[in-house]
Amino acid sequence: MAITGVLRPGHFQMRVLDLQQSIDFYTNVIGLKEMGRDTQGRVYFKTQDERDHNSFIIREADEAGVDFVGFKVADQATLDKLDADLRAYGVHTERIAAGEMLETGERVRFEIPTGHQIELYAEKTDVGNGMPYVNPEVWVPDAKGINPVRFDHCLLYGPDIDGARKIFEDVLGFYLVEHVLMDDGEADLAIWLTCSNKAHDIAFVRHPEPGKLHHVSFLLESWEQVLRAADIMSMNRVSIDIGPTRHGVTRGTTIYAFDPSGNRFETFCGGYQTYPDQQPIKWTFDQVGPAVFYHDRKLNERFLSVVS
Ligand SMILES: [Fe+2]
């Protein structure tokens, strides 16, 4: 498919309790590259293979959780159009000047009905992945830790997931890939949305508290890499929530674990490719177990109750 408009999740800013401990964790265990620090005390990372300057940003705070999720759009004209479209739809937007984040252009920020801050931007400096754009090798051999391919998606918890879905579908061009129904058989408990042909670019679960983070996710290249990630987590005494296992939803293979601040993260592989003409897959409430954890066929208590 031609990808236009919103291209992909591009950056994710998260709060941590101890900055230095988190820098050590994301550098040495996850294997991200530190790319810079700003005057606000934020620390910027990207994966080895990502080409834009940064994708994952942390700042120290008293509470863990997500500050905002940024999506890269095709160009400045698209940014201006989507800003106008959001306003016409009744969404209040604000512009954040270029340079407020390192190596990042102007951003359009707005709040969605789940209480999360979402951003759009068109420009982020291309610093490359350590290999030339002409005749590259296939990977850079100095990677540390789990070494994911990219920041891939996040799962957010908040109250009005229907309102959030409408903005993503009606204004930003996302479409529904899968959903899990509540026990009334009608309302959605959870939705998976994409702006590309990935099985999900963002997902939501209905939850009474606004603005919560369930997990931020990093893509790996293979199931073997998921197993290796679990080995690295164990070596480093990382608190694993569940896995390695597989989701029924998206069919991805996965591990959920917690960073030193209690933010849940996922390292995963796979998920099928989807297209906007395909009808969404629906899971009924009695099958929520295999939908989320296909092998165990039941949720663990932490999955629903622990958020940051
Ligand atoms: Fe995920």
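Indexing begins at 1, ligand by ligand and atom by atom, following the structure's order.
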| task | Answer yes if the ring centres of Y157 and H215 are under 6.0 angstrom apart, and no otherwise. | result | no
| query | Which of the N/O/S atoms in H153 sits closest to the Fe ion (ligand 1)? | reply | NE2
| request: Give the name of the N/O/S atom in E266 that lies closest to the Fe ion (ligand 1). | output: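 E266's closest N, O or S atom to the Fe ion (ligand 1) is named OE1.
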| task | Examine all N, O or S atoms of D152, backbone included, and report whether one is under 2.8 Å from the Fe ion (ligand 1). | result |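 Checking D152: none of its N, O or S atoms is under 2.8 Å.
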| query | Taking 2.8 Å as the cut-off, does an N/O/S atom of C154 lie below it from the Fe ion (ligand 1)? | reply | no
| Are the side chain of R15 and the backbone N or O of V66 linked by a donor-acceptor pair below 3.5 Å? |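 At least one qualifying donor-acceptor pair exists.
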| query | Does R109 count as lying over the ring of F68, i.e. NZ or CZ under 6.0 Å from the six-ring centre, within 45 degrees of the axis? | reply |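 Verdict for F68: a cation-pi partner in R109.
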| said: Between D52 and R150, does any NZ, NE, NH1 or NH2 come within less than 4.0 Å of an OD or OE carboxylate oxygen? | reply: no
